[in-house]
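For reference, the structure discussed in these notes is given below.
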Amino acid sequence: MTTMTNASVREFKMPDVGEGLTEAEILKWYVQPGDTVTDGQVVCEVETAKAAVELPIPYDGVVRALHFPEGTTVDVGTSIIAVDVAGGAAPEAQEEAPAPAEEPAEPEEQPAARQPVLVGYGVATSSTRRRPRKQAAPDTAARQAAAAVQQELNGHAPAPAPVAGDARPLAKPPVRKLAKDLGVDLTTVTPTGPDGIITREDVHAAVAPPAPQEVVPAAAVPVAAPAAPVSYDTARETRVPIKGVRKATAAAMVGSAFTAPHVTEFVTVDVTRTMKLVEELKQDKEFTGLRVNPLLLIAKALLVAIRRNPEINASWDEAAQEIVVKHYVNLGIAAATPRGLIVPNIKDAHAKTLPQLAESLGELVSTAREGKTSPAAMQAGTVTITNVGVFGVDTGTPILNPGESAILAVGAIKLQPWVHKGKVKPRQVTTLALSFDHRLVDGELGSKVLADVAAILEQPKRLISWA
């Protein structure tokens with residue numbers, strides 16, 4: 001890859017899309033060298049260890065070079081595309097440009113141009129005008145803002161600016177929402193926008209991983225020759241590179257299995273009344289247009305069980321040697337996608353009504369199937385449900401999602417002979433399995449939670465009496 005020194009060529013770097021990952025694979029390029037691009041135009045699709053993300057370019061220009069082909073894994077902060085922001089204009093055309101006229105004594109205030117951002121479509125021009133905090137030469141302020149943005153794009157954060165008292169940081173609503181989704185405190189972000197406004201770029205810079213420190217080796221170590229590639233019969237074997245979601249899932253499962261001591265308990269329960277309630281809710285006008293299925297009532301049953309046994313909704317903080325009890329439930333739903341297993345979660349599921357929970361479940365499933373689940377949707381989960389019954393499986397021993405203390409597996413619901421009111425009758429039966437972290441969840445607590453879920457599914461009226 002050739003380094004370009006032309007001042008008009010901008011190098012767009014692989015950004016950190018918000019989940020703190022260090023690399024991403026380029027899945028597809030939507031542009032080629034010579035194509036004209038505009039601010040906010042999607043130029044490629046990349047896959048992180050969590051999801052596929054489309055990357056927009058933050059400026060106008062002509063594509064000069066694509067530094068990596070499709071299928072290449074690139075580290076965050078590495079330039080992936082070069083864009084000539086001058087538009088590739090011929091020198092003759094530049095020489096014919098008229099000289100700038102002398103500045104008037106009182107220039108009119110012009111609307112600020114959109115600021116370039118690493119991820120997103122830029123900050124839209126506002127129709128309102130903000131009173132400047134301090135009079136300054138327009139050219140000087142513009143040059144300082146441009147220099148700050150360029151330093152940010154080059155990976156050099158500007159020196160922190162002092163914050164006066166408890167003043168609220170200046171940022172537009174989309175930027176505040178982005179900061180909230182990424183868990184960034186705006187009071188800790190150094191603004192680079194005009195008049196001290198925090199931009200999207202500033203928020204992403206706040207969550208970007210620090211540049212690795214160069215370590216000088218004490219002594220030269222001989223480097224072993226690379227191992228010869230493994231030979232195999234391609235007609236009898238297929239080798240698939242371990243990367244993306246599969247790589248992240250493998251690391252998370254190994255880390256969880258060998259960090260948290262797992263215990264799994266099982267219970268088989270008659271869910272005939274729950275299945276009848278599902279059919280009744282499908283006819284209820286409050287659920288018009290919503291997807292109503294057994295998973296909805298199972299999720300609600302688990303939320304009620306957590307309310308009755310709140311200590312199950314916790315995590316183990318090894319560094320602080322503390323058990324962190326969560327007073328909110330971000331309910332994860334394990335979803336199988338073409339790219340692998342992901343676990344998006346419903347934020348504050350404990351506070352949702354049944355119709356709201358149905359709506360959130362529908363959105364979560366459809367977004368996962370389309371491969372559009374955002375990294376923020378897969379962060380900060382507290383407890384998870386995995387529905388293995390959709391594959392016709394009776395039960396399993398699920399592995400905990402890292403950072404959580406419990407996961408509920410739901411088996412297939414089948415018509416089976418069951419003793420009901422003293423007689424053997426065909427009833428709809430399923431098996432539930434609850435895995436929990438035995439460091440902070442004792443057998444008694446885990447058993448109570450599983451028993452409560454089973455009791456609610458057997459008698460769904462307990463959703464009301466226990467709520």
Side-chain angles (χ1 to χ4, degrees), residues 263-284 286-287 290-313 329 331-334 346 349-350 352-358 360-361 383-398 405-436 441-467:
V263 173
T264 305
E265 295 185 338
F266 308 89
V267 64
T268 302
V269 58
D270 177 4
V271 295
T272 305
R273 291 186 179 91
T274 291
M275 297 304 291
K276 290 181 179 178
L277 180 57
V278 168
E279 295 304 317
E280 292 174 3
L281 292 177
K282 288 180 180 179
Q283 309 303 320
D284 194 310
E286 295 294 330
F287 292 86
L290 299 177
R291 184 177 181 181
V292 179
N293 55 22
L295 180 61
L296 171 63
L297 295 184
I298 293 169
K300 191 63 176 178
L302 178 59
L303 292 171
V304 172
I306 292 173
R307 180 182 298 179
R308 288 167 54 85
N309 305 275
E311 296 84 2
I312 193 75
N313 189 45
V329 181
L331 181 62
I333 305 294
I346 300 172
H350 66 287
K352 295 183 181 294
T353 63
L354 198 59
Q356 290 172 341
L357 189 61
S360 297
L361 273 172
V383 67
T384 294
I385 296 176
T386 177
N387 185 10
V388 298
V390 296
F391 306 109
V393 175
D394 290 335
T395 189
T397 55
S405 63
I407 179 171
L408 177 70
V410 183
I413 299 174
K414 299 179 179 180
L415 201 62
Q416 296 182 15
W418 193 265
V419 178
H420 178 67
K421 296 182 178 179
K423 296 181 179 180
V424 177
K425 297 182 179 180
R427 304 286 288 181
Q428 290 175 302
V429 177
T430 190
T431 299
L432 307 176
L434 182 73
S435 292
F436 49 86
V441 179
D442 294 332
E444 179 185 11
L445 175 59
S447 300
K448 285 182 177 180
V449 172
L450 184 58
D452 280 356
V453 174
I456 293 171
L457 296 180
E458 186 175 15
Q459 293 283 354
K461 64 183 180 181
R462 291 190 173 103
L463 288 172
I464 299 175
S465 60
W466 286 359

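Here the structure is a predicted model, which is why all the values come from computation and not from measurement. Positions are given from 1 along the sequence.
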[Y] backbone acceptor or donor facing [X] side chain under 3.5 Å:
X	Y	answer
Q356	T353	yes
R462	A455	yes
H350	V329	yes
T386	A334	no
T274	L457	yes

Answer whether the closest heavy-atom distance between the side chains of [X] and [Y] falls below 4.5 Å.
X	Y	value
L408	V453	yes
I312	V383	no
Q416	P426	no
L357	L296	yes
F287	P355	yes
V304	I456	yes

Does any donor atom in the side chain of T431 or T395 lie under 3.5 Å from an acceptor atom in the other side chain? no
Walk me through whether L361 and I333 qualify under side-chain contact (heavy atoms from CB on, under 4.5 Å). CA-CA 8 Å; L361 273 172; I333 305 294; 3.8 Å; yes
If you round to the nearest 0.5 Å, how far is [atom2] of [Y] from [atom1] of [X]?
X	Y	atom1	atom2	answer
K423	K421	NZ	NZ	10.5 Å
I413	N387	CD1	CG	8.0 Å
F266	L450	CZ	CG	9.5 Å
D452	I306	CG	CD1	11.0 Å
T272	K425	OG1	NZ	10.5 Å

Using side chain to side chain donor-acceptor pair (under 3.5 Å) as the criterion, list what pairs up with D394, not counting sequence neighbours. K414
Looking at residues at least two apart in the chain, or sitting in another chain, which of them share a side chain to side chain donor-acceptor pair (under 3.5 Å) with K448? E444
Does a side-chain N-to-carboxylate-O contact under 4.0 Å join E279 and K282?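 Yes, E279 and K282 are salt-bridged.
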Would you check, one step at a time, whether the test side-chain contact (heavy atoms from CB on, under 4.5 Å) holds for E280 with V278? CA-CA 5 Å; E280 292 174 3; V278 168; over 6 Å; no
R307 charged N/C atom sitting above W466 aromatic ring, 6.0 Å / 45°: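 No cation-pi geometry.
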Residue that, paired with D270, satisfies side chain to side chain donor-acceptor pair (under 3.5 Å) out of Q459, Q428, R427: R427
Tell me, with the steps shown, if T264 and L434 meet side-chain contact (heavy atoms from CB on, under 4.5 Å). CA-CA 5 Å; T264 305; L434 182 73; over 6 Å; no
